Number of protein chains: 2
Amino acid sequence: MLNQPSPLDLTFQALADPTRRAMVERLVRGPASVSELAQPLEMSLPAVMQHLAVLESSGLVRSEKVGRVRTCRIDAAQLSLAEQWINQRRMEWASRLDRLGQYLETLKNQGEEP
Amino acid sequence: MLNQPSPLDLTFQALADPTRRAMVERLVRGPASVSELAQPLEMSLPAVMQHLAVLESSGLVRSEKVGRVRTCRIDAAQLSLAEQWINQRRMEWASRLDRLGQYLETLKNQGEEP
DNA sequence: ACGATACTAAAGCATATGCTTAACCAACCA
DNA sequence: TGGTTGGTTAAGCATATGCTTTAGTATCGT
């Protein structure tokens with residue numbers, strides 16, 4: 001990642017860490033403050049902040065500060081982006097298997113009717 | 001990732017790199033040898049091998065060597081694993097929005113009929 | 001047997017990642 | 001006004017990541 005990483009890079013990278021996935025799992029159930037996010041996690045607050053920064057830079061999470069509390073919420077659109085990339089590959093893969101199957105069927109029929 | 005990383009960690013981590021995603025994109029179109037995989041990539045063969053090792057350790061790719069050529073193919077089941085995790089979060093998120101909407105609707109109706 | 005092909009193994013290196021601790025600041029609240 | 005709460009910044013450190021180059025080791029074709 002010497003060049004500036006793409007949104008997809010950042011999103012998968014963000015999801016690659018179990019702590020960050022736990023934060024996402026919490027946030028899909030509704031918005032939360034930083035300390036609410038940190039509460040179940042066995043690490044220091046600054047560590048949680050750094051994970052939050054990764055999530056925000058990927059676009060998976062947005063947050064705004066009002067008074068002294070920062071409220072975080074997920075952005076489902078960004079979740080879709082990652083999901084779509086995988087889905088498209090699976091589709092490509094499946095359609096290739098389909099074509100392969102049809103081809104083999106053709107060969108078989110040609111063998112039956114000489 | 002001090003503990004041994006989970007399959008999901010490894011899979012998202014594998015997908016977080018553009019070179020490795022390019023390799024996956026190649027492999028969904030059919031099996032390929034290591035040098036076929038390396039051909040469009042602007043890096044040394046050993047580098048490609050290391051990316052391949054990451055993909056294999058995640059389970060996204062399997063490979064077998066016959067003679068002197070190693071043939072690689074994707075494992076779509078592992079792709080599904082990652083896709084399902086994301087999908088489940090999006091579903092949770094959507095269903096929460098649903099409940100929220102219904103609740104707001106209830107409030108509105110209560111306001112209309114006193 | 002001999003060279004070319006296809007991969008592999010090992011070492012080194014620069015940068016990135018995932019923490020920590022130690023301040024620090026800006027609301028709140030009594 | 002002064003303490004507590006909620007968050008932030010900075011520095012430091014151990015390990016991981018993404019390459020490179022160099023030096024192999026098995027095939028395969030002639």
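Just so it is clear: chains get the letters A, B, ... in the order the sequence lines come, proteins before strands, and each one is counted from 1. Being a predicted model, the structure only gives us computed values, none of them experimental.
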Minimum heavy-atom separation for B:L15 to B:R21, with atom names? O-NH1, 2.8 Å
Taking for each residue the nucleotide of DNA chain D bearing the nearest heavy atom, is the 5' side occupied by B:V54 or by B:P46? B:V54
Can a donor-acceptor pair be found, under 3.5 Å and without considering hydrogens, that links the side chain of B:R20 to the backbone of B:Q13? yes
Between C:dT5 atom C1' and B:M49 atom CE, what is the distance in whole Å? 15 Å
Mapping A:V69 and A:R20 onto DNA chain C by nearest heavy atom, which one lands closer to the 5' end? A:R20
Between C:dA6 atom C1' and B:L52 atom CG, what is the distance in whole Å? 13 Å
What is the distance from CD of A:Q39 to P of D:dG7, rounded to the nearest Å? 13 Å
Short N/O separations, protein against nucleotides 27-30 of chain D, under 3.5 angstrom:
unit_1 : atom_1 : unit_2 : atom_2 : d
D:dT27 : O2     : B:R68  : NH1    : 2.9
D:dC28 : O4'    : B:R68  : NH2    : 3.3

Do the charged groups of A:E83 and B:R90 touch, with an N to O distance under 4.0 Å? yes
Taking only N and O in the side chain of B:S35, is any of them less than 4.0 Å away from OP1 or OP2 of C:dT5? no
OP1 or OP2 of C:dT21 under 4.0 Å from side-chain N/O of A:S44: no
Can you tell me how far C1' of C:dG18 sits from CG of B:D9, to the nearest Å? 13 Å
Nearest to the A:L45 side chain among C:dC7, C:dC19, D:dT8, which nucleotide is it? D:dT8
Any B:K65 side-chain nitrogen or oxygen under 4.0 Å from OP1 or OP2 of C:dT8: yes
Side-chain atoms of B:D17 come closest, of D:dT17, D:dC19, C:dT20, to D:dC19
Minimum heavy-atom separation for B:C72 to B:V34, with atom names? SG-CG2, 4.4 Å
Quick one, A:D9 and B:D17 - any side-chain contact, counting heavy atoms below 4.5 Å? no
Quick one: does A:Q50 reach the base of D:dT9 with a side-chain donor-acceptor pair under 3.5 Å? no
Which whole-number value in Å describes the distance from B:E42 CD to D:dG18 C1'? 16 Å
Is there a donor-acceptor pair closer than 3.5 Å between any side-chain N or O of A:E56 and the backbone N or O of A:A53? no
Choose from C:dC19, D:dT8, D:dT20 the nucleotide whose nearest atom is closest to any side-chain atom of B:M43. D:dT20
In whole angstrom, give the distance that lies between atom CD of A:Q13 and atom C1' of D:dG18. 12 Å
Rounded distance (Å) that lies between atom C1' of D:dT9 and atom CZ of A:R70: 13 Å
If I take atom CZ in residue A:R21 and atom P in nucleotide C:dG18, what distance separates them, rounded to the nearest angstrom? 12 Å
Does B:H51 have a side-chain nitrogen or oxygen under 4.0 Å from the phosphate oxygens OP1 or OP2 of D:dC19? yes
Closest non-hydrogen contact found for A:L10 with A:S57 is CD1-O, 3.6 Å
When you measure from the side chain of A:Q78 to the backbone N and O of A:S58, does any donor-acceptor pair fall under 3.5 Å? yes
